Amino acid sequence: MPELPEVETTRRCLEAELAGAAVVSSEVRRSRMLRRQPRPADFADRLAGSTVTGFGRHGKFLVAELDRDLSWVTHLGMSGRIAVARAGAPEAPHTNVVVRFAGGRELRFVDPRTFGFMAVLADDELGSVLGGLGPDALTDLPRSAALELALARRSAPIKALLLDQRIVAGLGNIYADEALHRARIDPRRPGGTLAGAEIGRLRTAIRTTLAAGLRWGGTSLDDLAYLLPDGTAGEYKARLRVYGREDRPCRVCGTPIRRVMLRQRSTHWCPRCQT
DNA sequence: AACGATCCCTGTTGGC
DNA sequence: TGCCAACAGGGATCGT
């Protein structure tokens, strides 16, 4: 579930907790977590002795800047989360990577399904991981004209195009459904059929939806998946309009929310509000 | 090129 | 109760 609001919430916590901290050592317990690191041995070698100057984000990628011109990249995948704790405090199951900082705190990467990954990359390696990403949906959302151009003549469902990180980076399955409900657009519509006014509504809906998710600390669907780095849950789930609400009444018109599989991803919408 | 299916991995849930 | 299939926040890759 980690999508842009969850990653940005995580980033803000890490910036407050760990910006300026020096890495002492790291421990990788599942080597699969380093599969995007060109030479896996570089990970621990490059982290040791590095200082984190700040935490950034592009789409769903968390990008910590290190001194020495290195970037420490984390993707949370489906089930990943970051925890910050004191060394020695009880560990969650599936703690796959631990990075220890001077002063006795550590960053823990918990990820049961291991779809997430970490890598410490030099500038010339960064492109192979972040290169294909489109503009960030929160900080750099394209203007309507640019969005219209990106969707023109596309036959894929608009929902699928919103999930394509090359067009806009940051939306996932939850917030794509939520934004389309806010925009009153049927998720199955071919992207190329969206008219001018609809593009504007979609753009506004993306901004509003992401801002709302962020305001509530993201969406924690259950206690086993996404949580904030301090272990508390994001509160946006209670405010979702369509995701996970099949057969329950639309919050706008009362019509039962419908669900279909689109590109193997479950898709929720209101058949009355969204056309 | 663009599109859709499949696979990666582990855990939970719902139906029989 | 027990078992097994279906499904879950993402994305790389492979046919067509």
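In this text, all values refer to a predicted model and were calculated from it rather than measured experimentally. Proteins come first, then strands; the chains are lettered A, B, ... in the order of their sequence lines, and each starts at number 1.
- Between A:S79 and the phosphate of B:dG11, there is no side-chain N or O to OP1/OP2 separation shorter than 4.0 Å.
- Taking atom CG of A:D222 as the reference point, atom P of B:dT12 lies 9 Å away to the nearest angstrom.
- Expressed to the nearest 0.5 Å, how far CG of A:L76 lies from CZ of A:F61 amounts to 10.5 Å.
- Between B:dG4, B:dT10, B:dC9, one nucleotide has an atom nearer to the side chain of A:P157 than all others, and that is B:dG4.
- Set against C:dG10, C:dA8, B:dC3, the side chain of A:S155 has B:dC3 as its closest nucleotide.
- As rounded to whole Å, 16 Å separates atom P of B:dC3 from atom NZ of A:K159.
- Residue A:R166 is classed as having no contact, given no heavy-atom separation below 4.0 Å to the nucleic acid.
- Within the 4.0 angstrom heavy-atom criterion, no nucleotide atom of any strand lies near A:P5.
- Across the P atoms, B:dC9 and C:dC3 are found 25 Å apart, a figure rounded to whole Å.
- Ring planes of A:Y175 and A:Y236: parallel class, angle under 30° (limits at 30 and 60°).
- Although no hydrogens or angles enter the test, the distance criterion places no donor-acceptor pair under 3.5 Å between the side chain of A:R143 and the main chain of A:L147.
- Atom CZ of A:R154 and atom P of B:dA1 are 12 Å apart (whole Å).
- Taking only side-chain nitrogens and oxygens, A:H75 never comes nearer than 4.0 Å to OP1 or OP2 of C:dG10.
- Side chains of A:R259 and A:T267 form no contact here, defined as non-hydrogen atoms less than 4.5 Å apart.
- Remark: P of C:dG11 and NE2 of A:H58 are 12 Å apart, rounded to the nearest angstrom.
- Minimum atom distance to the side chain of A:R259 is reached by C:dA8, of the listed C:dG10, B:dA2, C:dA8.
- Atom CG of A:N96 is separated from atom C1' of B:dC8 by 14 Å (rounded to the nearest Å).
- Between A:R263 and B:dC3, a side-chain N or O to OP1/OP2 separation shorter than 4.0 Å is absent.
- In this entry B:dC16 has C:dG2 as its Watson-Crick or G-U wobble partner, both defining distances falling under 3.5 Å.
- Here the CG-CG distance, from A:L121 to A:L70, works out to 8.5 Å after rounding to the nearest 0.5 Å.
- Separating the CG atom of A:L151 from the P atom of B:dC3 is a distance of 10 Å, rounded to the nearest angstrom.
- Contact annotation: the side chain of A:D42 approaches that of A:Q37 to within less than 4.5 Å [non-hydrogen atoms, C-beta and beyond].
- Distances shorter than 4.0 Å separate some side-chain N or O of A:H94 from OP1 or OP2 on B:dG11.
- Distance A:I158 CD1 to B:dC3 P: 11 Å, rounded to the nearest Å.
- Counting non-hydrogen atoms of other residues, nucleotides and ligands closer than 6.0 Å to CZ of A:R207 gives a total of 12 or fewer.
- The shortest distance between side-chain heavy atoms of A:V110 and A:N96 does not fall below 4.5 Å.
- Regarding contacts with the backbone of B:dG4, every side-chain N or O of A:R265 stays at 4.0 angstrom or more from both OP1 and OP2.
- Using a 4.0 Å cut-off, no side-chain N or O of A:Q165 falls inside it from OP1 or OP2 of C:dG10.
- Going from atom CZ of A:R81 over to atom P of B:dT10 covers 18 Å, rounded to whole Å.
- Proximity of A:V73 to A:L126: side-chain heavy atoms (C-beta onward) are separated by under 4.5 Å at one or more points.
- Contact check of residues 108-144 of chain A against DNA chain C (heavy atom, cut-off under 4.0 Å) returns A:R113, A:F115.
- At the heavy-atom level, A:M261 lies under 4.0 Å from the strands shown only through sugar-phosphate atoms.
- You'll find that the side chain of A:R30 is closest to B:dC9, out of B:dC9, B:dT6, C:dA12.
- When the C1' atom is used for both B:dG11 and C:dA12, the distance is 23 Å, rounded to whole Å.
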